[in-house]
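In what follows, a structure is listed as structure tokens, so that the remarks can point back to it.
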Amino acid sequence: MRVSYREQGPAQFRAAIRELVSVYAAAMNPPDRTLSGREAIMERHAVSPGFRGLTAHDDGQLVGFCYGFHGENGQWWHDMVAAALASRSCSVISDSVISDSVISDGGSSGGAVSGQRTWLDDSFEIAELHVLPSWQGKGIGRSLLLTIAAGRPERTAVLSTADAPTRARRLYRGVGFTDLLTDFRFSGGEPPYAVMGAMLPLDASAAPRSPRPSR
Ligand SMILES: CC(C)(COP(=O)(O)OP(=O)(O)OC[C@H]1O[C@@H](n2cnc3c(N)ncnc32)[C@H](O)[C@@H]1OP(=O)(O)O)[C@@H](O)C(=O)NCCC(=O)NCCS
């Protein structure tokens, strides 16, 4: 295996969206009918401010990708999460001190804390991270994640992932992400998500554990 990583500017990324969505489909196994919608979402994301895309290749074959952008008001994910964090309060950052309260959907409510910096004030939103199944568990996802977040100007990184004990969740925790929301529903029909946040830079110091069967 000879894995190389390539930066993808917005134009390159958009030109590769079909291929990227096929990696997403292989990794996530979503219903086929959702794939054209996924392409449209990625088209929109590619023109977001501060967009950064990264692909992984093994001997020229695309085997994984990751991308993110600067979070701003008016973006769907950002607004959904901002509202949930504000209504359930207390995930604020005070200088270097982070409230690590985990807030579950339907949890107790409280007001947003004005005058304090929150997780989303200056955030890099990591929208997608996927590796083809045959290449999973070899450190590629971790490299994509650490590389895409390296050198970012934002204060925090945020993302959402299935609220379950998955490989993705372990990977995120291993580089410093903590749960901001659990059992969170973006829409009624979907399974629960965890919203996670980390201070930047991510923690690359912990050695990866020996691999376990994926989930
Ligand atoms: C989640 C995902 C992106 C992680 O990428 P990955 O390349 O499989 O992850 P890594 O190999 O970097 O790390 C995974 C495991 O390999 C181990 N590992 C890391 N570096 C390694 C190396 N050099 N050699 C062997 N194993 C290694 C890690 O310790 C980790 O072990 P764990 O699963 O027991 O926690 C990938 O598995 C995937 O695409 N999953 C399906 C889609 C998905 O869930 N995407 C995320 C949506 S939020």
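We count ligands from 1, going down the list as the structure has it; atoms in each ligand are counted the same way. Just so it is clear, the model here is predicted, and its values are computed rather than measured.
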*Intermediate values then yes/no, side-chain hydrogen bond (donor to acceptor under 3.5 Å, both in side chains), Glu154 and His70*: CA-CA 8 Å; Glu154 291 89 355; His70 186 74; 2.9 Å; yes
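- With a heavy-atom cut-off of 4.0 Å, Tyr24 does not touch ligand 1 at all.
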*Kindly indicate, with the supporting measurements, whether the criterion side chain to side chain contact (heavy atoms under 4.5 Å, CB included) is fulfilled by Val195 and Asp179.*
CA-CA 6 Å; Val195 173; Asp179 291 346; over 6 Å; no
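- With ligand atoms numbered from 1 in the order given, ligand 1 contributes 48 (S) to contacts under 4.0 Å with heavy atoms of Thr161.
- Comparing Cys66, Ala194, Gly137 by heavy-atom distance to atom 25 (C) of ligand 1, the nearest is Gly137.
- Contact annotation: for Arg170 versus ligand 1, heavy atoms closer than 4.0 Å belong to the side chain alone.
- Taking every heavy atom of both residues into account, Arg2 and Asp58 meet most closely at N-OD1, 2.9 Å.
- Listed by number with element, the atoms of ligand 1 under 4.0 Å from a non-hydrogen atom of Ala168 are 1 (C), 46 (C).
- Residue contacts with ligand 1 for Leu171 involve side-chain atoms from C-beta outward but no N, CA, C or O (heavy atoms, distance under 4.0 Å).
- In this structure, of Gly139, Ala127, Gly174, the residue bringing a heavy atom nearest to atom 11 (O) of ligand 1 is Gly139.
- With a 4.0 Å heavy-atom cut-off, ligand 1 is reached by the side chain of Met28 but not by its N, CA, C or O.
- For Ser160, no nitrogen or oxygen atom sits less than 3.5 Å from a nitrogen or oxygen atom of ligand 1, counting backbone and side chain alike.
- Under the 6.0 Å cut-off for aromatic ring centres, His45 and Phe69 qualify, their centroids lying closer than that.
- Ligand 1 has a nitrogen or oxygen under 3.5 angstrom from a nitrogen or oxygen of Arg142.
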*Before giving the answer on side chain to side chain contact (heavy atoms under 4.5 Å, CB included), spell out for Met199 and Trp119 the whole-Å C-alpha distance, their side-chain angles and the decisive distance to 0.1 Å.*
CA-CA 9 Å; Met199 299 299 289; Trp119 282 98; 4.3 Å; yes
